[in-house]
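Quick notes on the structure that follows.
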Amino acid sequence: MIRLDNVSFTYDEDEFPAVDDVSLTIEEGSFVVLIGHNGSGKSTLAKLLNALLIPTEGDVWVEEMNTKNEEYTWDIRKNVGMVFQNPDNQLVATVVEEEVAFGPENLGIDPAEIELRVTDALEQVGMSEYRHRPPHMLSGGQKQRIAIAGVLAMQPNMIVFDESTAMLDPQGRNEVLEAIENLKEKGMTILLITHFMEEATVADRVLVMDKGKVVMDAPPVEIFSRVEELREYQMEIPQVIELAHELREQGISLSEDILEREELVEELCPLL
Ligand code: ADP
Ligand code: MG
């Protein structure tokens, strides 16, 4: 789906590259989570994936289209949808259904087809009953789900979520995560950027960024077993994983693949 070959990006005026010699591929249908401390280059990497930024060195390929080739820009943007952090900055219309129709309308799609897409997209995020409501009256989680519906209406092959749950309350976060997991079930390729490390446990693969480089790239179980390394990259370790790690250090025999509280409880109780 996506291939990066030795990609670097330096902002004008900046001394150091925000993305520094990154090579990786993202397989169709995979669920990849990208974590890293503030300023590690996650958002810059995200924007390189849909031609919002063009590499200063190296190449980004989206379905064999090089993002450098301006002929492909719209195809690429349609292919790789983005949902950002602040729901209020993403919504433009006064009624939910207009909001969702906005993208396909700009693509010049036939109104009957748009109607079908809006209905389907709202259903996929569980927001059908809000179709005729004004977006500004919705909760943060609902607004983000409308933003996701707007992206879905473009029929992308991949969606990048750039800290899309960061500004939400716990309920809103859960709503949005549930919508994302539904999309995964349907085979959507997903890149989820998050600073909530617990969100990485459901991924097929976790990437960790530090100083513009992808410094770890492995399944969640492996990533979370490398606690000392994660600390080095200034990641906050989820409590359960940290506790399991500390207990193992103390010589208590626990398996390496504990990610959830219930798993830890299940292994600890017999020992007690
Ligand atoms: P993250 O999303 O991981 O917090 P970013 O990709 O936003 O990281 O930032 C990576 C680096 O690029 C940081 O050092 C940041 O200061 C710099 N940067 C980000 N956006 C800009 C910009 N528009 N102009 C100049 N420097 C930027
Ligand atoms: Mg960011």
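The figures that follow rest on heavy atoms only: side chains count, while hydrogens, waters and symmetry mates do not. First listed ligand is number 1; within each ligand, the first listed atom is number 1.
Between the side chains of Glu246 and Gln250, no donor-acceptor pair is found at a separation under 3.5 Å.
Of all the heavy atoms of His37, the ones lying under 4.0 Å from any atom of ligand 1 belong exclusively to the backbone.
Closest to atom 5 (P) of ligand 1, if we only count protein heavy atoms, is Thr44 OG1, 3.7 Å. For atom 8 (O) of ligand 1, the nearest non-hydrogen atom of the protein is Gly41 N, 3.1 Å. Among all non-hydrogen protein atoms, the one lying nearest atom 3 (O) of ligand 1 is Lys42 NZ, 2.8 Å. The nearest heavy-atom contact from the protein to atom 16 (O) of ligand 1 is Asp14 OD2, 4.9 Å. Regarding atom 10 (C) of ligand 1, its nearest protein heavy-atom neighbour is Gly39 O, 3.5 Å. Counting only heavy atoms of the protein, atom 27 (C) of ligand 1 lies nearest to Tyr11 CD1, 3.3 Å.
In summary, Ser43 places an N/O/S atom under 2.8 Å from the Mg ion (ligand 2), meeting the contact criterion.
We find the NZ-CZ distance between Lys47 and Phe9 to be 9.0 Å, quoted to the nearest 0.5 Å. For the atom pair OG1 (Thr189) and CD (Glu28), the distance works out to 5.0 Å, reported to the nearest 0.5 Å.
By the 4.5 Å heavy-atom criterion applied to side chains, Leu191 and Leu49 are counted as neighbours. Between Asn79 and Pro156 the shortest side-chain heavy-atom distance does not fall below 4.5 Å. With contacts defined as side-chain heavy-atom distances shorter than 4.5 Å, the pair Thr67/Pro55 qualifies.
Polar contact with ligand 1: present for Ser43 (N/O pair, distance under 3.5 Å).
The nearest protein heavy atom to atom 19 (C) of ligand 1 is closer than 4.0 Å.
Looking at Glu181 and Lys184, no side-chain N of the basic residue comes within less than 4.0 Å of a carboxylate O on the acidic one, giving no salt bridge. Using a 4.0 Å cut-off between charged side-chain N and carboxylate O, Arg173 and Glu199 make a salt bridge.
Assignment of Gly36 to the shell around ligand 1 is not supported, since no heavy atom sits closer than 4.0 Å.
Heavy-atom proximity to Ala18, at under 4.0 Å, picks out these atoms of ligand 1: 10 (C), 11 (C), 12 (O).
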